Asker: 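Got a structure for you, questions after.
What you see is a predicted model; the values in this text were computed from it and never measured.
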Amino acid sequence: MQWEVVSPGSALEPYFDAKKKRKVAEIHQALNSDPIDVATLRRMAISEGGLLTDEIRCKVWPKLLSVNTEDLPPLPGKELREDNKDYQQVLLDVRRSLRRFPPGMPDDQREGLQEELIDIILHVLKRNPQLHYYQGYHDIVVTFLLVVGDRLATALVEKLSTHHLRDFMDPTMDNTKHILNYLMPIIDQVNPKVHDFMQSAEVGTIFALSWLITWFGHVLSDFRHVVRLYDFFLACHPLMPIYFAAVIVLYREQEVLDCECDMASVHHLLSQIPQDLPYETLISRAGDLFVQFPPSELAREAAQQQAERTAASTFKDFELASVQQRPDTVLRQRFRERLRTEERTESILAKPRTSRFVKLAVMGLTVALGAAALAVVKSALEWAPKFELQIFP
């Protein structure tokens, strides 16, 4: 059950208030530990309710992205707009982003935030010339701006852009298409009937493009749901958004099968994402699927192209960089403890796949998210290093 659906005065309210207080206490304990317990923060971000408040997100998101809040870059200057090849497109996109700001926000406040949004985007692009702007990028940046403010958002977005979002910022869409290619194999593993129907309709995966490249920020109207998903994605493997896209399609199984089996009809249905999705349930199911069908098992079906260039292939380095906010001796000790934990839980995670029809409801929410959190860390260690770690003291 979700905290946000408990009505004031409900008999369940005291229980959920106590549960929320325990979670807040555990988050603060992880933040105040020496060294900071990043693994617990990831688990809190993934588990039911996510990080709960924007105040907590301001403290935890930098830890999930391994950003040093004591050494933030200065605020971008207006000179970035001069002779910038992306300025006009960024300006157009930001001007069209009115609905991404809270309803009722005064015009002058919103216009000031839009100016900050432009500057953050141009700052990241100038500092990272290997990155290329894409339409929809501003939907991600505005989420960080609204939650953490301009200066911290600049640092977080830059780190995110060079890791989780990097594939979307290539000069071509090859890596983006590659990530989309994981969608149908995931659906096929769970529900071949839906998969075959979509294949017969020749609908492809383009309906999920805006979901993927904006982390659903462009298609969800309720900001609470957007930041809840950002908690989940920031704590997980870079391919988790495509697993979440798959569970949305699977959740709408009956609607899909009742649709006319042609490309236009199925595309129209799937591109209109419902706003009343059971988010916590779908997050749990996405975690289940990641555990049961990790990217390494799906890579062949997804026709992996130039795997060494994708964010997924370098996730080990990123994950290790985040956990190395601690002395080497402590890191080695926790690494050994994690290996022992993985050995104990290996029999739980390595379930025999006797049927392609996965009964997602079998796994309880707590068990599912616990397994997903463990799998995130475990999968990070399976990717070969590709670049030198940049670790601050």
Asker: Has Gln272 got more than 12 heavy atoms of other residues, nucleotides or ligands less than 6.0 Å from its CD?
Answerer: yes
Asker: Answer yes if the ring centres of Trp61 and Phe144 are under 6.0 angstrom apart, and no otherwise.
Answerer: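 Yes, the ring centres sit under 6.0 Å apart.
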Asker: Looking at Leu156, Leu117, Leu146, Leu165, which one forms a side-chain contact (heavy atoms from CB on, under 4.5 Å) with Val141?
Answerer: Leu117
Asker: Heavy-atom count around Glu111 CD within 6.0 Å, excluding the residue itself: above 12?
Answerer: yes
Asker: Salt bridge check: are Asp107 and Arg110 linked by an N-O gap of less than 4.0 Å?
Answerer: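 Salt bridge flag = yes for Arg110 with Asp107.
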Asker: Let's go through Val190 and Val247 carefully: what are the C-alpha distance in whole Å and the side-chain angles of both, what is the deciding distance for side chain to side chain contact (heavy atoms under 4.5 Å, CB included) to 0.1 Å, and is it a yes or a no?
Answerer: CA-CA 9 Å; Val190 180; Val247 298; over 6 Å; no
Asker: Check step by step if side chain to side chain donor-acceptor pair (under 3.5 Å) holds for Thr205 and Lys177.
Answerer: CA-CA 9 Å; Thr205 58; Lys177 293 175 183 176; over 6 Å; no
Asker: So for atom CG, which belongs to Asp83, do other residues, nucleotides or ligands contribute more than 12 heavy atoms lying within a distance under 6.0 Å?
Answerer: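 Not more than 12 within 6.0 Å, no.
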Asker: Counting only heavy atoms from other residues, nucleotides and ligands, does the tally under 6.0 Å from NE2 of His132 exceed 12?
Answerer: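 Yes.
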Asker: If you count the non-hydrogen atoms of other residues, nucleotides and ligands that lie under 6.0 Å from CZ in Arg96, is the total more than 12?
Answerer: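 Counting neighbours around CZ of Arg96, more than 12 heavy atoms of other residues, nucleotides or ligands fall under 6.0 Å, so yes.
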Asker: Quick check against the 3.5 Å criterion: does Thr162 have a side-chain atom that pairs as donor or acceptor with the backbone of Glu158?
Answerer: yes
Asker: Quick check: does any side chain N or O of Asn128 sit under 3.5 Å from a backbone N or O of Val124, one acting as donor and the other as acceptor?
Answerer: yes
Asker: What closest approach, in Å, do Cys236 and His164 show between heavy atoms, and which atom pair accounts for it?
Answerer: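 Minimum heavy-atom contact is O-NE2, 3.4 Å.
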Asker: Are any of the side-chain nitrogens in Asp288 or Arg285 under 4.0 Å away from the carboxylate oxygens of its partner?
Answerer: no
Asker: When you measure from the side chain of Tyr243 to the backbone N and O of Phe293, does any donor-acceptor pair fall under 3.5 Å?
Answerer: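 A pair under 3.5 Å: yes.
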Asker: Could you tell me whether Arg81 and Glu115 have a side-chain N and a carboxylate O separated by less than 4.0 Å?
Answerer: yes
Asker: Please step through side chain to side chain contact (heavy atoms under 4.5 Å, CB included) for the pair Gln189 and Gln292, ending with a clear verdict.
Answerer: CA-CA 10 Å; Gln189 292 284 354; Gln292 294 165 356; over 6 Å; no
Asker: Kindly work out whether a path of hydrophobic side-chain contacts (I/L/V/M/F/W/Y, heavy atoms less than 4.5 Å apart) joins Leu92 to Ile140.
Answerer: no
Asker: Quick one: does any side-chain atom of His267 pair with a main-chain N or O of Met263 as donor and acceptor, under 3.5 Å?
Answerer: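 Between the backbone of Met263 and the side chain of His267 there is no qualifying donor-acceptor contact (under 3.5 Å).
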Asker: Do side-chain atoms of Ser265 reach the backbone of Asp262 as a donor and acceptor pair under 3.5 angstrom?
Answerer: no
Asker: Checking side-chain polar atoms at under 3.5 Å, does Tyr133 have a donor or acceptor matched by the opposite partner on Asp93?
Answerer: yes
Asker: May I ask whether Ile186 and Leu257 are part of the same hydrophobic cluster, defined by side-chain heavy atoms of I, L, V, M, F, W, Y residues being less than 4.5 angstrom apart, directly or through others?
Answerer: yes
Asker: Contact between Glu116 and Asp119 at the side-chain level, heavy atoms closer than 4.5 Å - yes or no?
Answerer: no
Asker: Asp54 side chain to Arg57 main-chain N or O, any donor-acceptor pair under 3.5 Å?
Answerer: no
Asker: Judged by atom type as modelled, is there a donor-acceptor pair below 3.5 Å linking the side chain of Arg42 to the main-chain atoms of Leu64?
Answerer: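 Judged by distance alone, yes, a pair lies under 3.5 Å.
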Asker: Is it true that atom CD of Glu202 has more than 12 heavy atoms of other residues, nucleotides or ligands lying nearer than 6.0 Å?
Answerer: no
Asker: Check whether any side-chain heavy atom of Leu51 lies under 4.5 Å from a side-chain heavy atom of Arg228, and answer yes or no.
Answerer: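 Heavy-atom side-chain distance check fails, nothing below 4.5 Å.
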Asker: Assign the ring pair Phe168 / Tyr134 to parallel, tilted or perpendicular, where the plane angle (0 to 90°) is split at 30° and 60°.
Answerer: perpendicular
Asker: Can you check whether Ile118 reaches His138 side chain to side chain, under 4.5 Å on heavy atoms?
Answerer: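 No - every pair of side-chain heavy atoms lies 4.5 Å or more apart.
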Asker: Please determine whether a side-chain nitrogen of the Lys or Arg among Lys193 and Glu253 lies less than 4.0 Å from a carboxylate oxygen of the Asp or Glu.
Answerer: no
Asker: Honestly curious: do Phe101 and Leu98 fall in one hydrophobic cluster under the side-chain, below-4.5 Å linking rule?
Answerer: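 Not linked; separate clusters.
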Asker: Taking the side chain from Ser161 and the backbone from Val157, do they hold a donor-acceptor pair closer than 3.5 Å?
Answerer: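 Checked: pair present.
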Asker: Could you check whether any side-chain N or O of Thr53 sits under 3.5 Å from a backbone N or O of Ile56, counting only pairs where one atom can act as donor and the other as acceptor?
Answerer: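 Yes, because the side chain of Thr53 sits within donor-acceptor range (under 3.5 Å) of the backbone of Ile56.
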Asker: I'd like to know if the side chain of Glu255 and the backbone of Leu269 have a donor-acceptor N/O pair within less than 3.5 Å.
Answerer: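 Not a single qualifying donor-acceptor pair exists.
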Asker: Would a hydrophobic clustering, with Ile, Leu, Val, Met, Phe, Trp and Tyr connected at side-chain separations under 4.5 Å, put Met173 with Ile179?
Answerer: yes
Asker: Students often mix this up, so state it plainly: with edges at 30° and 60°, are the rings of Phe290 and His237 parallel, tilted or perpendicular?
Answerer: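 Tilted.
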Asker: Does Arg100 form a side chain to side chain contact (heavy atoms under 4.5 Å, CB included) with Thr143? I'd like the steps, not just the answer.
Answerer: CA-CA 8 Å; Arg100 292 303 318 280; Thr143 302; 2.9 Å; yes
Asker: Would Leu72 end up clustered with Val148 when hydrophobic side chains under 4.5 Å apart are linked, directly or stepwise?
Answerer: yes
Asker: Report yes if some heavy atom in the side chain of Leu160 is under 4.5 Å from a heavy atom in the side chain of Leu234; otherwise report no.
Answerer: yes
Asker: In sequence, state the C-alpha distance, the side-chain angles, and the governing distance for Asp139 and Trp215, and then conclude on side chain to side chain donor-acceptor pair (under 3.5 Å).
Answerer: CA-CA 8 Å; Asp139 284 300; Trp215 277 10; over 6 Å; no
